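Heads up, the thing below is written out as structure tokens.
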Amino acid sequence: MAAPHPSTHLKSQKKSRKNQTPEANFQVALNSLSKTRDLPGAIALYEGAAASRGVRLNQHHFNALLYICSNAVAEASLKESALDHGFRIHAHMESCGVAPSEATVTAVARLAAARGDGDYAFGLVRKMGERGIAPRLRTYDPALYCFCGALEADKAYEVEEHMRSAGLSLEEPELSALLRVSAETGREERVYEYLHKLRDCVRWVSEETAVSIESWFSGEKAVGVGDVNYDRSHVKDVVLRNGGGFHGLGWIGKGNWVVRRGNVDENGVCSCCGERLACVDIDDMETESFASSIAALACERESKANFSDFQDWLEKHADYEAIVDGANIGLYQQNFADGGFSVPQLDAVVKELYGRSKGKWPLVILHNKRLKGLLESSPHKQLLQEWIDKGVLYTTPSGSNDDWYWLYAAVRLRCLLLTNDEMRDHIFELLGSKFFSKWKERHQVRYTFVKGSPVLIMPLPFSPVIQESETGSWHVPVKDDSNEEIVRTWVCITRPSVCKSSNGVLASKESPEGSNNFLNDHKLLNSSKPGTTTEDSNALGSIGFSQDCVNNTNIMTRKRKERSSSPPPLASSS
């Protein structure tokens, strides 16, 4: 069959266009103008359609027109025309009985904010609930930014409260605006609150937010805020319970703040003040909640009796410092012709951990099907039996997924997890926990092998997040394009009246004794282990420097109490 002549196709397209409705032709033209944000063209198109009355405008048409108008207010030469026509179009939409959508409210709220009418913008949002329309963060932003810009702090706080009641979580732009209006109106308690909300929300702040923070601490109002009669021991305990990195008890001390910019070295020491930053972990309540959610999901998908047996066993053998994903290490780079499960690789890792922890065995999790196969055919039967005898190995039962076991053990015991598993599988997605990424950053140890020897890639000895120290100082990382934490810019904010040595910084910038030691680098991980006493927790510390810095005492670390190097006997399910 012969192909149709090209001219036939062109004629068909022209005929199709001629047969389109006026609304469809209007939509095609409007889409083109919307892409280029052509305000004069859109106004001409709209007025032509309104005059002819041959086009029945629908919600999408009105929204596109309002979108173009709301974007044009940013240009001084177009602002007046955009406002005039934008409100006229909205009035026309209402008179036609066309129901608004979230996009409608957002566009009109932007128009209202552009003429300085935050009340009108906020009123539009509040009416959305009556119409069954769910607001988004962008719907609230015009009113919020309008109130913040006008220094109407109380109205801005009201918008924030309404946003939270709608189930929305504020992000850095909103929190930065609220912090700025609080600082400019002298609301020191609100400034403190929004600093902590930023800490909880973002890892690094934008340059704009960093400047706002610096401006507050450099101002007169910040000089007088704070309490000089604080309980240092209580502050330290709260930092520890919080997982390190903040106490949240309020401003500490009085007097001027010193605001500088610098870097943090590979040991977590600030180049400006010499303070060692903390390893920030999830707190006690978050840890318990996270462990409970893992256990609940595991019991749904595993044999409940099997996993409950493991939980009971773990409570009786809670002295491990590291959990090992045995299959991940044994099968590492074994995808070649003669490859298989490498016991020597796993043995090398076990010995490395044993040496680093000064004689404490790690706990290796391995599926019992895998172990049975190795015991039947592996030349390393004797080694495997030694692990069983020494309590190094826990085998998960048939039909189980060993991922649940090693993850639960690492979370419940608050210890390190050795695996290269990125934990992106569906079982980890089921957790959906906001704690997960923070927990992984603090607890996951990755590895590689160089000439048969394991190289452990430990978590950073500090967390690159906003931190509030026990002495009331603040360290704020600034976002940049670098992935190198040691070149990242930090805002360092200290109060010399609270913590100052003779040369103006903490006296010691050296790493704590034994900083290359597996345990000493990760004291915080063991600070709240089941059965840990208050005395143990205080000995471990959360920041790594003495509370007596005001008296020029050097940074101090205290060795962890010696614990038995004898592992518990194997308690394996079969």
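Computed from a predicted structure; not experimentally measured.
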Holding to ring pair (Phe, Tyr, Trp, His ring centres under 6.0 Å), I want the full list of residues that pass it with H234, two or more places apart in sequence or in another chain. none

Atom CZ of R276 and atom NE2 of H475: how far apart are they, to the nearest 0.5 Å? 12.0 Å

Please list, chain by chain and in numerical order, all residues satisfying side-chain contact (heavy atoms from CB on, under 4.5 Å) with S206, sequence neighbours excluded. E172, E208, T209

Does any N or O in the side chain of Q333 come within less than 3.5 Å of the main-chain N or O of T448, such that one atom is a donor and the other an acceptor? no

Residues passing the side-chain contact (heavy atoms from CB on, under 4.5 Å) test with Q385, sequence neighbours excluded, are I388, D389

Is the backbone of A322 close enough, under 3.5 Å, to the side chain of K360 for a donor and an acceptor to pair up by distance? no

What's the spacing between W387 CH2 and L366 CG if we round to 0.5 Å? 9.0 Å

Output, in order, the C-alpha distance, side-chain angles, deciding distance and verdict of side-chain hydrogen bond (donor to acceptor under 3.5 Å, both in side chains) for E160 and Y194. CA-CA 11 Å; E160 181 199 12; Y194 291 120; 2.6 Å; yes

Residue pair V324 / L346, side-chain heavy-atom distance below 4.5 Å: yes

Residues that K369 engages under salt bridge (Lys or Arg N to Asp or Glu O under 4.0 Å), provided they are two or more places apart: none

What residues, two or more places apart in sequence or in another chain, satisfy side-chain hydrogen bond (donor to acceptor under 3.5 Å, both in side chains) together with D480? R488

F310 CZ to C299 SG distance, which is reported to the nearest 0.5 Å: 11.5 Å

Quick one: which of V411, V364, I365, N328 gives a side-chain contact (heavy atoms from CB on, under 4.5 Å) with W406? I365

Mark yes or no for whether D265, through its side chain, and I486, through its backbone, hold a donor-acceptor pair below 3.5 Å. no

I'd like to check the side-chain contact (heavy atoms from CB on, under 4.5 Å) partners of V264; sequence neighbours left out, ordered by chain and number. L277, F462, W490

Before we go on, tell me: are the rings of F217 and W251 under 6.0 Å apart, centre to centre? yes

Between the side chains of E275 and T494, does any donor sit under 3.5 Å from an acceptor? no

Please report the interatomic distance CG(D421) to CD1(I329), rounded to the nearest 0.5 Å. 11.5 Å

Test your reading of the model: is there a side-chain donor-acceptor pair from S357 to the backbone of L353, 3.5 Å cut-off? yes

Taking the side chain as everything from C-beta on, heavy atoms only, tell me whether I323 gets closer than 4.5 Å to P362. no

In terms of relative ring orientation, are F449 and Y332 parallel, tilted or perpendicular, with 30° and 60° separating the classes? tilted

Do the charged groups of D347 and K351 touch, with an N to O distance under 4.0 Å? yes

Could you tell me whether the side chain of E352 and the main chain of V455 form a donor-acceptor pair under 3.5 Å? no

Side chains of L175 and V202: closer than 4.5 Å at any heavy-atom pair? no

Is it the case that more than 12 heavy atoms not belonging to E300 sit under 6.0 Å from its CD atom? yes

Look only at the side chain of N267 and the backbone of V269, and say whether a donor-acceptor pair between them is shorter than 3.5 Å. no

Within residues 391-401 or reaching into it, pairs that qualify as salt bridge (Lys or Arg N to Asp or Glu O under 4.0 Å) - sequence neighbours excluded: none

Is the side chain of S165 donor-acceptor paired with the backbone N or O of H162 at a distance under 3.5 Å, no angle test? yes

With distance as the sole test, does K197 use its side chain to make a donor-acceptor pair with the main-chain N or O of L179 at under 3.5 Å? no

Does the side chain of R495 come within less than 4.5 Å of T471's, by heavy atoms? no

E102: what forms a salt bridge (Lys or Arg N to Asp or Glu O under 4.0 Å) with it, not counting sequence neighbours? R136, R138

Determine whether a donor-acceptor pair (N or O, by modelled atom type, separation under 3.5 Å) exists between the side chain of E441 and the backbone of S463. no

What heavy-atom pair brings C201 and E171 nearest, and what distance separates the two atoms? SG-CA, 3.8 Å

All ring pair (Phe, Tyr, Trp, His ring centres under 6.0 Å) counterparts of Y157, not counting sequence neighbours: none

NZ/K381 to CG/L383 distance, rounded to the nearest 0.5 angstrom? 13.5 Å

State whether R164 and E174 are salt-bridged, where the test is any N-O pair (Lys NZ or Arg NE/NH1/NH2 against Asp/Glu carboxylate O) under 4.0 Å. no

With a 4.5 Å limit on heavy-atom distance, are the side chains of R442 and C279 in contact? yes

Answer yes or no: is there a side-chain heavy-atom contact under 4.5 Å between Y447 and N420? yes

Rounded to the nearest 0.5 Å, what separates atom CD in E468 from atom CG in L195? 8.5 Å

Would S182 and Y192 count as having a side-chain donor-acceptor pair, cut-off 3.5 Å? no

Taken in chain and number order and not counting sequence neighbours, the residues that satisfy salt bridge (Lys or Arg N to Asp or Glu O under 4.0 Å) with D402 are none

Between the main-chain N or O of C415 and the side-chain N or O of H443, is there a donor-acceptor pair closer than 3.5 Å? yes

Please determine whether side chain to side chain contact (heavy atoms under 4.5 Å, CB included) holds for the pair W439 and E286, giving the CA-CA distance in whole Å, both sets of side-chain angles, and the decisive distance to 0.1 Å. CA-CA 10 Å; W439 181 88; E286 291 171 335; over 6 Å; no

What residues, two or more places apart in sequence or in another chain, satisfy side-chain contact (heavy atoms from CB on, under 4.5 Å) together with S400? E302, H367, T396, P397, Y405

Kindly write out the residues that satisfy salt bridge (Lys or Arg N to Asp or Glu O under 4.0 Å) with E288, not counting sequence neighbours, or none if the list is empty. R412, R414

Proximity of Y394 and W313 rings by center, below 6.0 Å: yes

